[in-house]
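For reference, the structure is listed below as structure tokens.
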Amino acid sequence: MDMEKLVALCRRRGFIFQSSEIYGGLNGFWDYGPLGVELKRNIKEAWWQDMVRNPPPGPDGQEISMVGLDCAIIMNPKVWVASGHASGFADPMVDCKTEGCKGRFRADQLTASVCPLKPSKAPGQYDKCQLTEPRTFNLMFKTFVGALEDDSALAYLRPETAQGIFVNFKNVLDSSRLKIPFGIAQIGKAFRNEINPRNYTFRSREFEQMEIEFFCHPNESMKWYRYWRDVRIQWYTQLGIKSDKLRPREQGKEELAHYSIGTTDIEYLFPFSDEPQELEGVAHRGAFDLTQHQQHSGKDLTYFDDQTRERYVPHVIEPSAGADRFTLAVLCEAYTEEKVGDEMRTVMRFHPRLAPIKAAVFPLVNKDGMPEIAQKLYRELKREFNVFYDDKGAVGRRYRRQDEAGTPYCFTIDGQTLQDNTVTIRDRDTLKQERWPLAEVAARLRALLSP
Ligand code: ATP
């Protein structure tokens, strides 16, 4: 698959635009257009439904306790001291001093980067490159809270949503009477001043995360680590990511964060790279985060089990996914060009649950009472599903437009509808056409779209 064609389709059809494009854009920032916003919402809603409201049964068949949270993006800066981000959330950076280049690269990713002056080479490999020594660069965006712009007013845009969950651990525990094991989930924006934003939306400076912190007894933590790793891989598969492109990769000992007992990166083979890239990290974080916040805040963040009379700092399993990265994987996975008869068609084969538009309604012609019936069906379906009405141009062209938008079903009101109250339903993937009774369209569509 050609990335350039996908990027062009995304712009042309309104999935993704460059942020502030009319002013030349801003590197690392992206906007979702009318189709893109529906796709990304469906992804976030599927995650919330399948992980928070109705997670799969636990390793022993038990019901899983999960609740949600929505925290502020700007937090007390002491949070980032305790979490280690203030001192440690940094990448090594090198600059090129050569006139006309002035490139800036991540020192640990030089071989995967491209020299701006000589794109066939990596930075440092072309004779004209003049790279500086690596310097560390903190990835957190800074801002000031209040009118004074001095150090006492300095604050950060959160680089991850996880810390909002840890600092609310006690609030959630006290207000919801949950018993360990349980999880807290959050979807929200995160910001990282990445040195090299690249590969379309894959590495952006503003993005959305979907994170779970699952709190459990230390003795049971490995069981829960394996549970969440398997649940998360399964989730991507269910939503149409093919197994040969999806790779869980257990991090080696040398890669692990110092506090982590184990981490599995769930990776996807994007078309822009020979190596699979991280979609999500499932990390066993031990007692690290709660212990840090306990020390820095001076507040007791232990859990007391009133049955065993044991008091302890829970261990945490963290499945941390990127909503934008998964959206990009879904777009890459869906993009298909195929020959139908003598014509080529481009079709986005989204899983029906994720498709931005669930169905389109067409009157075959704008006369003989067809528009009235089509409008009535459209208004009925619109109450429940995101549907699209199109009465412009030849019906074949209308089908092609819906193929590019990834709409799984199209309903056409035609001459036969006037006689027997049936409509044509056309399937995006098989191209098969059948007739359904008009009165059953909503119920049958609901059944096809249910997870
Ligand atoms: P990478 O190694 O690619 O920088 P990371 O290991 O730093 O990622 P985490 O801190 O584990 O990433 O963040 C969890 C998830 O958040 C990632 O798996 C990814 O889906 C998403 N994410 C992280 N950074 C970005 C980014 N710059 N743009 C888009 N999504 C991101």
Side-chain angles (χ1 to χ4, degrees), residues 16 19 26-32 36 40 43-44 47 51 80 83-85 88-93 105-109 112-113 136-141 156-166 185-213 228-229 232-233 235-236 239 241 246-252 255-260 262-270 272-273 275-285 288-289 316-332:
I16 298 174
S19 158
L26 186 61
N27 198 7
F29 297 89
W30 299 93
D31 296 339
Y32 288 84
K40 197 170 147 191
I43 284 174
K44 291 186 285 181
W47 185 87
M51 298 298 127
W80 307 113
S83 69
H85 285 84
F89 195 57
D91 283 336
M93 165 183 91
F105 316 97
R106 253 173 76 170
D108 57 337
Q109 291 183 351
S113 308
T136 52
F137 170 77
N138 195 298
L139 298 183
M140 283 197 292
F141 278 100
Y156 301 95
L157 305 192
R158 66 179 176 200
E160 60 173 38
T161 61
Q163 298 305 321
I165 299 181
F166 293 125
Q186 172 162 222
I187 298 180
K189 289 266 185 174
F191 302 81
R192 297 183 188 177
N193 199 359
E194 297 279 0
I195 296 169
N196 266 148
R198 66 199 156 90
N199 292 331
Y200 203 22
T201 58
F202 178 83
R203 188 173 300 287
S204 313
R205 289 178 164 141
E206 174 176 343
F207 54 95
E208 251 176 308
Q209 291 186 314
M210 309 188 287
E211 294 197 297
I212 295 169
E213 306 303 329
W228 280 109
R229 182 196 57 197
R232 295 301 305 143
I233 295 166
W235 189 74
Y236 290 109
L239 290 175
I241 301 294
L246 194 67
R247 271 178 234 178
R249 188 180 63 85
E250 181 100 33
Q251 285 191 3
E255 274 180 277
L256 285 178
H258 62 91
Y259 48 77
S260 180
T263 294
T264 300
D265 285 344
I266 303 176
E267 301 180 327
Y268 176 74
L269 192 58
F270 285 95
F272 50 72
S273 165
E275 290 294 318
Q277 306 286 326
E278 177 180 331
L279 277 184
E280 166 161 356
V282 182
H284 185 318
R285 298 181 63 92
F288 176 75
D289 306 272
V316 168
I317 312 303
E318 176 190 79
S320 170
D324 306 85
R325 277 199 192 167
F326 185 43
T327 304
L328 183 57
V330 166
L331 285 164
C332 293

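Predicted, not measured: the structure shown is a model, and the values here were computed from it. Just follow the structure's listing: the first ligand is 1, and inside any ligand the first atom is 1.
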Who's the nearest protein heavy-atom neighbour of [atom], and how far?
atom: atom 4 (O) of ligand 1; result: R203 NH1, 2.7 Å
atom: atom 14 (C) of ligand 1; result: S320 OG, 3.0 Å
atom: atom 19 (C) of ligand 1; result: R325 NH1, 3.5 Å
atom: atom 20 (O) of ligand 1; result: L279 O, 2.8 Å

Mark yes or no for whether [X], through its side chain, and [Y], through its backbone, hold a donor-acceptor pair below 3.5 Å.
X: R205; Y: E194; value: yes
X: R203; Y: G28; value: no
X: N138; Y: N193; value: no
X: S204; Y: T201; value: yes

Self-check item: Residue list, side chain to side chain donor-acceptor pair (under 3.5 Å) with Y32, at least two apart or on another chain
Solution: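 D324.
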Quiz prompt | From the candidates E211, Q209, R106, E278, the one that places a heavy atom nearest atom 11 (O) of ligand 1 | solution =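 That would be E278.
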Practice problem: Could you see which bit of R192 sits under 4.0 Å from ligand 1, with heavy atoms only: side chain, backbone, both or neither? | Solution: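 For R192, the contact with ligand 1 is made by the side chain alone.
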Mind checking whether [X] has a heavy atom under 4.0 Å from ligand 1?
X: E160; answer: no
X: D324; answer: no
X: F326; answer: no

Quiz item: Atom CG of D289 and atom CD1 of I165: how far apart are they, to the nearest 0.5 Å?
Solution: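 The distance works out to 10.5 Å.
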Quiz item: Do E211 and T161 get their side chains close enough for a donor-acceptor pair, meaning under 3.5 Å?
Solution: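 Per modelled atom types, E211 and T161 side chains form a pair under 3.5 Å.
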Exercise. Considering the heavy atoms of E280, write down every atom of ligand 1 situated less than 4.0 Å from one of them.
Key: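 Those qualifying, in numeric order: 18 (O).
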Exercise. For G322, take its heavy atoms, then give the atoms of ligand 1 lying under 4.0 Å from any of them.
Key: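 Taking each heavy atom of G322 in turn, ligand 1 has 20 (O), 21 (C) under 4.0 Å.
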Exercise. Report yes if some N/O of A321 lies less than 3.5 Å from some N/O of ligand 1; otherwise report no.
Key: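 No, there is no polar N/O contact under 3.5 Å.
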Quiz item: Would you say F207 has any N or O atom under 3.5 Å from an N or O of ligand 1, going by distance alone?
Solution: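 N/O-N/O distance below 3.5 Å does not exist for this pair.
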Exercise. Report the C-alpha separation of E255 and R249 in whole Å, then their side-chain angles, then the decisive distance to 0.1 Å, and conclude whether the salt bridge (Lys or Arg N to Asp or Glu O under 4.0 Å) test is met.
Key: CA-CA 12 Å; E255 274 180 277; R249 188 180 63 85; 3.0 Å; yes
Self-check item: Option passing side chain to side chain contact (heavy atoms under 4.5 Å, CB included) with Q209 (candidates E280, R325, E160)
Solution: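 Result: among E280, R325, E160, E160 is the only option passing the side chain to side chain contact (heavy atoms under 4.5 Å, CB included) with Q209.
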